Amino acid sequence: MSIALSEQEIIRRESLQQLRALGINPYPAEAFDVNAWAQDITDNFAIKPEAYQNVVIAGRIMTRRIMGSASFAELQDSTGRIQIYLKRDDICPDEDKTLYNTVFKKLLDIGDYIGIKGYVFLTQTGEISVHVRDLIVLSKSLKPLPVVKREDDGTIHDGFTDPELRYRQRYVDLTVNPAYKQIFINRSKVISSMRNYFNNQGWMEVETPILQPVHGGAAARPFATHHNTLDMPLFLRIANELYLKRLIVAGFDGVYEFGKMFRNEGMDRTHNPEFTAMEIYVAYKDYIWMMAMVEECLETVAKAVHGIPVVQVGSNEINFAGPYEKLSMYDSILKYTGIDVSAMDEAGLREVCAELKIDVNPTMGKGKLIDEIFSAKVEHNLIQPTYITDYPIEMTPLAKKHRTKDGLVERFELFVNGKEIANAYSELNDPIDQRERLEEQLILAGRGDDEAMAMDDDFLRALEYGMPPTSGLGIGIDRLVMLMTNQSTIQEVLFFPQMRPEKKAKVVTIEDFTNIGVPAEWVPVLNKMGFNTVEELKAANPNKVFNDLGGMRKKMKLDITMPTKEEVMAWFK
RNA sequence: GAUUCCGUAGCUCAGCUGGUAGAGCAUAACACUUUUAAUGUUGGGGUCCUGGGUUCGAAUCCCAGCGGGAUCACCA
């Protein structure tokens with residue numbers, strides 16, 4: 001990126017100046033109140049045409065078809081596009097035809113915001129259009145939008161599809177590819193319907209700290225930061241679980257939070273460094289109760305988005321109406337491999353892994369080995385919503401020990417379309433057991449496991465005061481939205497997914513060059529030659545620069561005085 | 001992290017075994033009163049990602065780097 005503007009950007013800036021010269025403010029301050037929208041007009045004009053005889057609409061010009069003293073354009077507002085029809089003598093009834101001939105035809109461009117007043121009619125080819133009586137410039141666009149052309153049959157030409165540009169410039173993406181807006185509208189529906197469901201049960205939405213002195217509640221590497229006044233390290237939360245449990249200790253029956261979590265780990269199509277989780281904790285409940293609640297909640301969400309509980313995801317039709325299949329971890333492995341691992345010791349599990357050709361390493365314990373078998377052989381089979389229950393205790397330090405089965409905890413994960421989307425426990429509320437389990441994590445950390453959970457003494461203190469039996473649930477909202485909107489990458493359901501930093505052009509002023517003696521009119525020429533900084537220029541061969549300047553002068557047909565060789569040599573002093 | 005493909009005009013993309021850089025749209029000018037991927041005529045617009053190498057000559061071949069996509073692995 002150089003500091004030079006493209007030809008089209010220069011032309012638009014000139015148009016901007018000409019608008020001002022005509023006394024037209026390209027960025028007026030006054031409100032422009034509309035009384036109609038594109039979607040509304042196209043849906044309802046045929047039913048009651050009399051209601052659309054004085055419409056005021058606003059939006060961006062997206063296409064223009066100029067035919068002498070009449071023109072068609074398409075205006076895009078937040079609801080869609082509608083064609084507008086302009087006739088010179090209608091918008092310029094007097095002698096002065098400037099508004100049409102100059103402003104509309106010359107000075108306005110694709111992407112500009114305009115407001116119009118007029119009446120709706122049907123063209124000869126039967127397209128609902130707005131016949132313009134008044135036109136006002138609302139905002140001039142200085143960068144050309146990519147022009148995506150659509151045929152009536154929906155064929156798209158010159159699509160704006162490069163994922164990098166789409167994600168970096170989401171504002172352009174959603175302008176020229178408005179169909180993607182529906183994903184975000186549905187995302188909003190997922191969250192609001194879930195929130196409504198919880199509120200209707202009487203549970204309370206809360207906010208807990210994002211900046212935490214101890215990062216607890218999950219196994220992940222955190223982002224670290226520092227508070228200056230307190231001169232202390234802080235972490236962006238990797239989970240909010242331990243704070244929500246403190247609120248159960250405090251005496252709330254049900255608390256939930258939608259919030260961003262931050263994990264300093266890899267990025268791919270299912271992981272973004274910051275993501276949205278919903279966690280809810282309800283007192284006096286257990287994980288069996290929670291399963292029924294999740295079924296009811298997700299059915300509500302699916303209906304809010306699609307009207308029915310069945311959602312098309314890829315080639316699968318997922319039915320979110322409960323009850324869901326329930327399988328214990330061991331039974332699921334039995335079902336999909338025919339092997340009963342429930343009574344096996346570590347050595348036996350290793351044999352099974354070898355038999356199933358699953359890669360393992362010597363550091364893996366019993367719980368990890370079982371998880372490997374599950375991931376390799378079971379997970380991808382779980383298409384319809386399925387609860388996997390009763391996990392080995394080793395990997396779950398915050399869940400209560402199973403009421404009847406030794407070595408297991410009361411936990412379930414919900415799998416849909418082969419992916420985990422929810423995780424729930426009967427929460428561990430025995431403070432002595434909890435302390436021991438966190439101490440085991442400390443040992444893991446000491447052995448170099450940088451994802452082991454940290455000790456949180458204040459959390460343990462809270463438990464020691466007494467937490468009622470509680471069931472807790474976490475749902476990955478981004479992944480749930482991916483399911484509900486049939487998207488295969490997390491980037492598509494985030495407005496602004498994390499990207500590598502853009503290579504940024506050094507901001508250079510003309511003064512930097514004139515300070516070393518370069519005449520101002522030659523600075524753009526140097527930029528054109530690739531010298532965007534004084535340092536780059538000084539690193540070049542002065543003789544070659546002098547020769548090239550002459551070449552550029554000829555090539556660009558510049559009518560400016562050529563500096564002498566001595567003057568050029570002086571730039572390099 | 002591995003494999004693989006890609007990087008050319010504002011946008012979407014061609015460009016063969018190496019020989020003066022192309023199209024459509026956008027843009028500029030002219031014409032045109034119901035078009036709709038409007039049309040017709042004429043013009044302008046390029047660091048062929050960056051840096052090396054091979055060559056008389058590189059967008060093209062080789063090496064390295066940067067950026068991106070896809071698949072896989074790791075990780076929640």
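Residue numbers start from 1 in every chain, and the chains themselves are labelled A, B, ... in the order their sequence lines are given, proteins ahead of strands. Note that the structure is a prediction, hence the values are computed from the model and not measured.
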Test your reading of the model: is there a side-chain donor-acceptor pair from [X] to the backbone of [Y], 3.5 Å cut-off?
{"X": "A/Thr123", "Y": "A/Glu127", "answer": "yes"}
{"X": "A/Lys419", "Y": "A/Leu483", "answer": "no"}
{"X": "A/Thr42", "Y": "A/Gln39", "answer": "yes"}
{"X": "A/Asp173", "Y": "A/Gln169", "answer": "no"}

Which is more 5' along RNA chain B, the nucleotide nearest A/His131 or the one nearest A/Pro144? Just name the residue. A/Pro144
Nearest-nucleotide comparison on RNA chain B, the residue closer to the 5′ end among A/Gly159 and A/Thr489: A/Gly159
Nearest-neighbour nucleotide for the [X] side chain, [options] considered:
{"X": "A/Val147", "options": "B/C25, B/G44, B/U33", "result": "B/C25"}
{"X": "A/Ile11", "options": "B/U35, B/U27, B/G67", "result": "B/U27"}
{"X": "A/Asp268", "options": "B/G67, B/C74, B/U33", "result": "B/C74"}
{"X": "A/Phe72", "options": "B/A26, B/U34, B/U12", "result": "B/U34"}
{"X": "A/Pro146", "options": "B/C11, B/C72, B/U34", "result": "B/C11"}
{"X": "A/Lys106", "options": "B/C32, B/G10, B/C30", "result": "B/C30"}
{"X": "A/Asp162", "options": "B/U35, B/U12, B/G69", "result": "B/U12"}
{"X": "A/Lys149", "options": "B/G68, B/U35, B/A38", "result": "B/A38"}
{"X": "A/Glu164", "options": "B/U35, B/G67, B/U27", "result": "B/G67"}
{"X": "A/Met67", "options": "B/U34, B/C72, B/A26", "result": "B/U34"}

Rounding to an integer number of angstrom, what distance separates [N] and [M] when you compare their [atom1] atoms?
{"N": "B/U50", "M": "B/A21", "atom1": "P", "result": "16 Å"}
{"N": "B/A29", "M": "B/A70", "atom1": "P", "result": "41 Å"}
{"N": "B/G46", "M": "B/C11", "atom1": "C1'", "result": "15 Å"}
{"N": "B/U71", "M": "B/A58", "atom1": "P", "result": "38 Å"}
{"N": "B/A26", "M": "B/C13", "atom1": "C1'", "result": "14 Å"}
{"N": "B/U8", "M": "B/U3", "atom1": "C1'", "result": "26 Å"}
{"N": "B/G24", "M": "B/U39", "atom1": "C1'", "result": "15 Å"}
{"N": "B/A28", "M": "B/U35", "atom1": "P", "result": "24 Å"}

Quick one: does A/Pro222's side chain get under 4.5 Å of A/Phe262's, heavy atoms only? no
Using a heavy-atom cut-off of under 4.0 Å over every strand shown, decide if [X] touches base, sugar-phosphate, or nothing.
{"X": "A/Tyr100", "answer": "nothing"}
{"X": "A/Leu145", "answer": "nothing"}
{"X": "A/Arg479", "answer": "base"}

How close or far is atom [atom2] of [N] from atom [atom1] of [X], stated in whole angstroms?
{"X": "A/Glu7", "N": "B/G45", "atom1": "CD", "atom2": "P", "answer": "8 Å"}
{"X": "A/Leu142", "N": "B/U27", "atom1": "CG", "atom2": "P", "answer": "15 Å"}
{"X": "A/Gln8", "N": "B/C11", "atom1": "CD", "atom2": "P", "answer": "10 Å"}
{"X": "A/Gln169", "N": "B/G68", "atom1": "CD", "atom2": "C1'", "answer": "14 Å"}
{"X": "A/Arg221", "N": "B/C74", "atom1": "CZ", "atom2": "P", "answer": "15 Å"}
{"X": "A/Ile110", "N": "B/U27", "atom1": "CD1", "atom2": "C1'", "answer": "10 Å"}
{"X": "A/Leu165", "N": "B/G69", "atom1": "CG", "atom2": "P", "answer": "11 Å"}
{"X": "A/Phe104", "N": "B/U33", "atom1": "CZ", "atom2": "C1'", "answer": "14 Å"}

Residues pairing under side-chain hydrogen bond (donor to acceptor under 3.5 Å, both in side chains) where one sits in residues 476-485 of chain A, two or more places apart or in two chains, turn out to be A/Arg187-A/Asp478, A/His271-A/Arg479
Do A/Asp40 and A/Tyr52 get their side chains close enough for a donor-acceptor pair, meaning under 3.5 Å? yes
Verify whether one side chain among A/Arg237 and A/Thr208 offers a donor that lies under 3.5 Å from an acceptor in the other. yes
Is there a Watson-Crick or G-U wobble partner for [N] with both distances under 3.5 Å, and which nucleotide is it?
{"N": "B/U12", "result": "B/A23"}
{"N": "B/A37", "result": "none"}
{"N": "B/A58", "result": "none"}
{"N": "B/U71", "result": "B/A2"}
{"N": "B/A64", "result": "B/U50"}

Using atom names, set out every protein N or O paired with an N or O of nucleotides 1-3 of chain B below 3.5 Å, distance rounded to 0.1 Å.
none

Compare every heavy atom of A/Ile128 with every heavy atom of A/Ile82, then report the nearest pair and how far apart it is. CG1-O, 4.0 Å
State plainly whether the residues A/Glu492 and A/Arg166 are in salt-bridge range, i.e. N to O under 4.0 Å. yes
Aromatic centroids of A/Phe374 and A/Phe415 separated by under 6.0 Å: yes
With respect to the phosphate group of B/A38, does any side-chain polar atom (N or O) of A/Arg65 fall under 4.0 Å of OP1 or OP2? yes
State whether the distance check finds a donor on one side and an acceptor on the other, under 3.5 Å, for side chain A/Gln83 versus base B/U35. yes
